[in-house]
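Worksheet for the structure shown next.
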Amino acid sequence: MPYDPSNIFAKILRGEIPCVKVYEDDAVLSFMDVMPQAEGHTLVIPREPAMDMLDLSPDGVSALMLATQKIARAVKKALSPPGIMLAQLNGSAAGQSVFHVHFHILPRYAGIDLKLHAREMVKPATLEPIAAKIRAAL
Ligand code: DGP
């Protein structure tokens, strides 16, 4: 299956649909997940069009991993969760639902389960103050 440039993250990268932005540079974009599984659930995507980690170039992998660490550090500083989970799904059988490679950054607290994956949508106004805290911690 080839990369489909009409996927939702490609549209976000082209500015065709909005997102609550956390960080961007020449290689990556980071924004709040609109269906958060935890408060502070943040996504990091490369600008390179690749469906998953298996398709991404070495430079793309490098940029994506470095940005994910940078933003995970900012999430930790901004929200002080005791744990940070990084999740990355490859293929629908693995649970991937948007076919532009991405990392999930998920704050975790002992005894608090994640909400269901890609299920409940929240308003940008709910996400913006959390994103502002993360941006301030970058
Ligand atoms: P995955 O299943 O790993 O492909 O995760 C895709 C994530 O993307 C999922 O947590 C929900 C999120 N998502 C889906 N559509 C949108 C959208 O339009 N905007 C944002 N910000 N997140 C989205």
Side-chain angles (χ1 to χ4, degrees):
M1 188 171 73
Y3 179 83
D4 177 2
S6 68
N7 76 74
I8 203 91
F9 291 173
K11 289 182 181 173
I12 288 175
L13 279 170
R14 291 194 297 267
E16 292 167 10
I17 64 164
C19 68
V20 176
K21 208 174 280 183
V22 168
Y23 174 80
E24 67 179 326
D25 63 25
D26 287 350
V28 303
L29 173 66
S30 176
F31 50 95
M32 303 311 292
D33 194 304
V34 81
M35 293 176 241
Q37 290 181 257
E39 186 176 282
H41 184 170
T42 307
L43 299 170
V44 191
I45 70 175
R47 293 193 186 278
E48 181 182 330
M51 283 198 299
D52 58 29
M53 283 296 274
L54 285 64
D55 284 344
L56 194 58
S57 70
D59 283 350
V61 169
S62 173
L64 181 58
M65 285 310 312
L66 288 169
T68 299
Q69 186 197 47
K70 176 186 175 83
I71 294 150
R73 283 177 170 160
V75 170
K76 175 96 178 161
K77 193 171 159 194
L79 307 176
S80 304
I84 295 268
M85 180 172 139
L86 301 180
Q88 198 284 309
L89 312 177
N90 301 284
S92 52
Q96 185 178 9
S97 58
V98 178
F99 294 93
H100 181 110
V101 60
H102 50 279
F103 267 89
H104 297 260
I105 299 173
L106 292 147
R108 297 300 308 265
Y109 302 84
I112 300 182
D113 290 336
L114 290 178
K115 292 187 186 152
L116 289 177
H117 180 63
R119 201 59 70 88
E120 198 184 325
M121 197 173 288
V122 302
K123 293 194 170 77
T126 306
L127 299 173
E128 181 48 44
I130 305 164
K133 281 190 200 172
I134 301 169
R135 287 195 296 265
L138 277 165

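Note that ligands are numbered from 1 as they come in the structure, with each ligand's atoms numbered from 1 the same way.
More than 12 heavy atoms of other residues, nucleotides or ligands sit less than 6.0 Å from atom CD of Glu16. Counting non-hydrogen atoms of other residues, nucleotides and ligands closer than 6.0 Å to NZ of Lys76 gives a total above 12. Counting heavy-atom neighbours within 6.0 Å of Gln96 CD, excluding the residue itself, gives a total above 12.
In this structure, His104 has its ring center closer than 6.0 angstrom to the ring center of His102.
Near ligand 1, residues Ile8, Phe9, Ile12, Phe31, Met32, Asp33, Val34, Met35, Leu43, Leu89, Gly95, Gln96, Ser97, Val98, His102, His104, His117, Ala118 each place a heavy atom inside the 4.0 Å sphere around the ligand atoms.
Put simply, the side chain of Asp55 does not reach to within 4.5 Å of the side chain of Tyr3, judged on heavy atoms.
A single hydrophobic cluster is not seen to contain both Met32 and Leu43; linkage of ILVMFWY side chains at heavy-atom distances under 4.5 Å, directly or through other members, places them apart.
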